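Input: a single structure, listed below in structure tokens.
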Number of protein chains: 2
Amino acid sequence: MTRSEENYLKAIFHLGNGEAGSISTNAIAEQMETKPSSVTDMAKKLAEKGLVHYKKYQGISLTDAGTRTALSIIRKHRLWEVFLVKKLDFTWDEVHEVAEQLEHIKSEKLIDKIDALLDFPKYDPHGDPIPTKDGKFMERDKQLLSEMPIHAQGVCVGVKDSSAPFLKFLDKNKIALGNTIKILDKEDFDQSLQIQMEGRELRISHQIASNLYVKKND
Amino acid sequence: MTRSEENYLKAIFHLGNGEAGSISTNAIAEQMETKPSSVTDMAKKLAEKGLVHYKKYQGISLTDAGTRTALSIIRKHRLWEVFLVKKLDFTWDEVHEVAEQLEHIKSEKLIDKIDALLDFPKYDPHGDPIPTKDGKFMERDKQLLSEMPIHAQGVCVGVKDSSAPFLKFLDKNKIALGNTIKILDKEDFDQSLQIQMEGRELRISHQIASNLYVKKND
DNA sequence: ATTAAAATTTAGACAAATCTAAAAATAGGT
DNA sequence: ACCTATTTTTAGATTTGTCTAAATTTTAAT
């Protein structure tokens with residue numbers, strides 16, 4: 001399993017959102033910042049190895065084996081992210097790039113020990129669930145802040161966009177996972193929100209609200 | 001700097017034992033388990049980049065820049081080894097293989113944080129010195145047990161052979177770095193040694209003694 | 001100083017992963 | 001059903017790191 005193969009499997013998994021559906025050559029090329037012709041080549045190779053289903057012009061989807069492999073890479077990526085934040089004081093906008101490298105280290109013992117060192121975390125620093133060793137997922141019951149009704153309240157549990165600029169913005173505005181949040185008002189004109197967060201009040205744009213996941217209180 | 005380039009620089013450094021001298025194509029090929037012709041190709045490439053001195057048929061040696069790069073990789077390798085042993089309970093015969101992968105992770109912040117987490121260790125689990133960030137070395141005043149006179153005593157500080165079989169042998173015989181050691185008798189016939197280690201007495205072959213480093217008591 | 005052996009380099013090939021440009025297949029609109 | 005735009009694949013080239021086999025240079029022994 002080469003690094004490139006692993007990256008393709010990961011990209012296909014992410015594009016399929018964990019679901020079954022068939023992914024287009026173009027979509028994969030865009031996600032991986034490569035050309036469609038390269039994707040076709042790799043599709044053949046991965047099909048050969050039984051990791052994807054591939055029929056010419058019909059798109060690409062992961063086999064069970066491919067899904068297992070993708071999940072194990074995602075598991076490694078997210079555990080390393082937790083490690084970097086919890087043990088080495090990285091900020092959540094710094095971890096992705098390094099985890100992209102660490103996820104390819106081949107040692108089952110290593111990642112299991114890291115998992116134990118971190119006390120078997122269930123979520124990474126962006127709120128994404130960490131697959132278990134046997135590839136089980138625990139997607140949290142969450143929704144986008146932008147889709148919640150007025151007066152609703154809950155806890156920030158994740159981000160949809162985990163790009164450094166967005167994460168830095170959140171830091172600057174003291175918006176962190178685990179914070180309580182309540183929607184005080186919605187502005188019809190631009191769909192911006194007046195919210196209460198950990199005591200203080202602030203106004204956030206629709207763009208921000210549509211990239212923040214909240215777990216609603218029952 | 002590709003992974004392969006890094007591995008060549010490391011191999012050249014190790015073969016030169018940190019000294020200046022020129023290393024033969026064959027020696028590098030053997031160390032890296034590759035063919036001399038591949039070494040020639042890489043020598044040209046590294047010379048192009050100013051990392052080695054290379055003249056046809058005249059052997060290869062590291063430039064200052066090459067030495068700096070090699071030391072930074074060795075630094076990373078050894079720090080990761082300490083991390084694996086101290087933080088993840090790896091045994092000293094398990095760390096090399098994984099560190100071979102981890103040493104190529106590109107993030108200065110990462111390795112500096114690991115260094116700090118470990119409290120800036122000076123030696124790796126095999127007793128080899130860890131270069132500082134600016135490439136300084138602190139080789140310990142040590143000698144092979146096999147070269148010490150009868151009745152001499154000291155502390156085990158390193159191994160020359162750090163292969164898994166040798167390290168496992170040492171574990172099995174409860175010989176560990178930090179242990180005190182005293183030579184009770186030398187057998188002329190096979191040069192085996194009768195030694196006292198942490199209270200108990202044991203006999204070790206010349207082959208073992210010539211792979212154990214000891215720091216003599218003054 | 002000559003020459004045989006050993007070491008090293010060159011030349012040409014290959015696999016992996018990528019690209020560009022051209023060809024082929026599909027999809028959508030009428 | 002047809003045509004066009006888009007998507008996808010193919011064909012051929014490129015880069016990196018490797019190899020084998022042949023040619024060249026160095027070395028060391030007589």
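Just so it is clear: chains get the letters A, B, ... in the order the sequence lines come, proteins before strands, and each one is counted from 1. What you see is a predicted model, and the numbers here were worked out from it, not measured in a lab. All values below were derived from every heavy atom in this structure, side-chain atoms included, with hydrogens, water molecules and symmetry-related copies excluded.
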May I ask you to verify if any side-chain N or O of A:Y57 is less than 4.0 angstrom from the OP1 or OP2 atom of C:dA23? no

Counting just side-chain N and O atoms, does A:N26 come under 4.0 Å of either OP1 or OP2 of D:dT6?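 No, no such contact exists.
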
Measure from [atom1] on [X] to [atom2] on [N] and round the result to the nearest Å.
| X | N | atom1 | atom2 | answer |
| --- | --- | --- | --- | --- |
| A:Q58 | D:dT6 | CD | P | 20 Å |
| B:Y8 | D:dT16 | OH | P | 14 Å |
| A:E30 | D:dT7 | CD | P | 10 Å |
| B:E6 | D:dT16 | CD | C1' | 15 Å |
| A:K35 | D:dT14 | NZ | P | 18 Å |
| A:K55 | C:dT26 | NZ | P | 12 Å |
| B:K44 | D:dT18 | NZ | P | 15 Å |
| B:I28 | C:dA7 | CD1 | C1' | 13 Å |

Taking [X] first and then [Y], would you say they form a salt bridge - that is, a charged N and a carboxylate O separated by under 4.0 Å?
| X | Y | value |
| --- | --- | --- |
| B:R203 | B:D190 | no |
| A:D141 | A:K215 | no |
| A:D115 | A:K133 | no |

From [options], nucleotide with atom closest to [X] side chain:
| X | options | result |
| --- | --- | --- |
| B:K56 | D:dT26, D:dT20, C:dT9 | C:dT9 |
| B:Y54 | D:dT9, C:dT9, D:dC19 | C:dT9 |
| A:S37 | C:dT18, D:dT9, C:dA11 | D:dT9 |
| A:T40 | D:dT9, C:dT10, C:dT8 | D:dT9 |

Looking just at side-chain N and O atoms, do B:H77 and B:D124 make a donor-acceptor pair shorter than 3.5 Å? no

How about B:S24 and B:N26: does a side-chain donor come under 3.5 Å of a side-chain acceptor?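 Result is no, nothing qualifies.
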
Which part of the nucleic acid does [X] contact within heavy-atom distance under 4.0 Å: base, sugar-phosphate only, or nothing?
| X | value |
| --- | --- |
| B:S4 | sugar-phosphate |
| B:T25 | sugar-phosphate |
| A:S38 | base |

Could you pick out which residue, A:T2 or B:D41, lies toward the 5' side of DNA chain C when each is mapped onto its nearest nucleotide?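 Looking at DNA chain C, the more 5' nearest nucleotide goes with B:D41.
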
